[in-house]
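Only this structure's heavy atoms are used, side chains among them; waters, hydrogens and symmetry mates stay out. Source: prediction; values computed, not measured.
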Amino acid sequence: WTVGLGISYYMTQGVTFKSRLPVDGSTSKTSTGNLRAIVKPAVAPRLGLIYEGSPDFRIGLHYIGARDTRIQSRADTVIGIIGSSSLVFDGSGSIYYDPETYSAALYLKSGKTELHYSLDYEKWSRYDGAYQHISFVTFQGSFRQYAEDTSYKYTLVHSFGLTSAMGAG
């Protein structure tokens, strides 16, 4: 048996933006905007096992944890067209997601022909969608964006390969 251990780390960063825009050149009314986005990096463990019964027969197992890069954002603006009207919204969501994955693989060789097969079980049940969940606060009250149904379960991915060499070699 051969064993491999590892860790996946996805580095990302956030942004802070501020602006002040005059509405027109003849008055002192202005609009301001502040936007802040915090992006949290994703970390996931990896584990792999390979059994080599012979050079012509191998079985492999692999696990990788879910990688979910989350974003949290907040924007607050003051629109100075008619008086001072404020608009504030908070958002959160997933900007990059790979599911928890379990894999099994098989390699067989007979003469000049090789067979490769793998099956991946991808667990999507913890994924909550790639869109932003947003809530707004304005001078007239507050409201929320309604989230879509994202009740993902799992995916099975089959991979199959067959190679054969021709001629003398």
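From E100, atom CD reaches atom CZ of R67 across 10.0 Å, with rounding to the nearest 0.5 Å. With rounding to the nearest 0.5 Å, the separation of OG in S118 from CG in L106 is 10.0 Å. A distance of 9.0 Å separates OG1 in T69 from CG in D98, rounded to the nearest 0.5 Å.
Both L47 and L119 belong to a single network of hydrophobic side chains, linked directly or stepwise wherever heavy atoms of I, L, V, M, F, W or Y lie under 4.5 Å apart. A continuous path of hydrophobic side-chain contacts links L49 to I59 [ILVMFWY only; heavy atoms under 4.5 Å]. Both L162 and L108 are assigned to one and the same hydrophobic cluster, defined by single-linkage of ILVMFWY side chains at heavy-atom distances under 4.5 Å.
Qualifying side-chain hydrogen bond (donor to acceptor under 3.5 Å, both in side chains) partners for Y117, counting only residues two or more places apart in sequence or in other chains: H158. S164 is linked by a side-chain hydrogen bond (donor to acceptor under 3.5 Å, both in side chains) to T113, counting only residues two or more places apart in sequence or in another chain. The side-chain hydrogen bond (donor to acceptor under 3.5 Å, both in side chains) search around S103 returns D120, not counting sequence neighbours. Under the salt bridge (Lys or Arg N to Asp or Glu O under 4.0 Å) criterion, E114 pairs with no residue at all, not counting sequence neighbours.
Taking both residues in full, the closest heavy atoms of A104 and L61 are given as CB-CD2, 3.9 Å, listed atom of the first, atom of the second, then distance. Between Y107 and P55, the shortest heavy-atom contact is CE2-O, 3.6 Å.
Annotation: ring pair (Phe, Tyr, Trp, His ring centres under 6.0 Å) contacts involving residues 41-63, sequence neighbours excluded, comprise W1-Y51, Y63-Y102. Annotation: salt bridge (charged side-chain N to carboxylate O under 4.0 Å, His left out) contacts involving residues 57-66, sequence neighbours excluded, comprise E52-R58.
The side-chain heavy atoms of R126 and Y97, taken from C-beta on, include a pair separated by under 4.5 Å. Using a 4.5 Å cut-off on side-chain heavy atoms (C-beta onward), Y121 and T101 make no contact.
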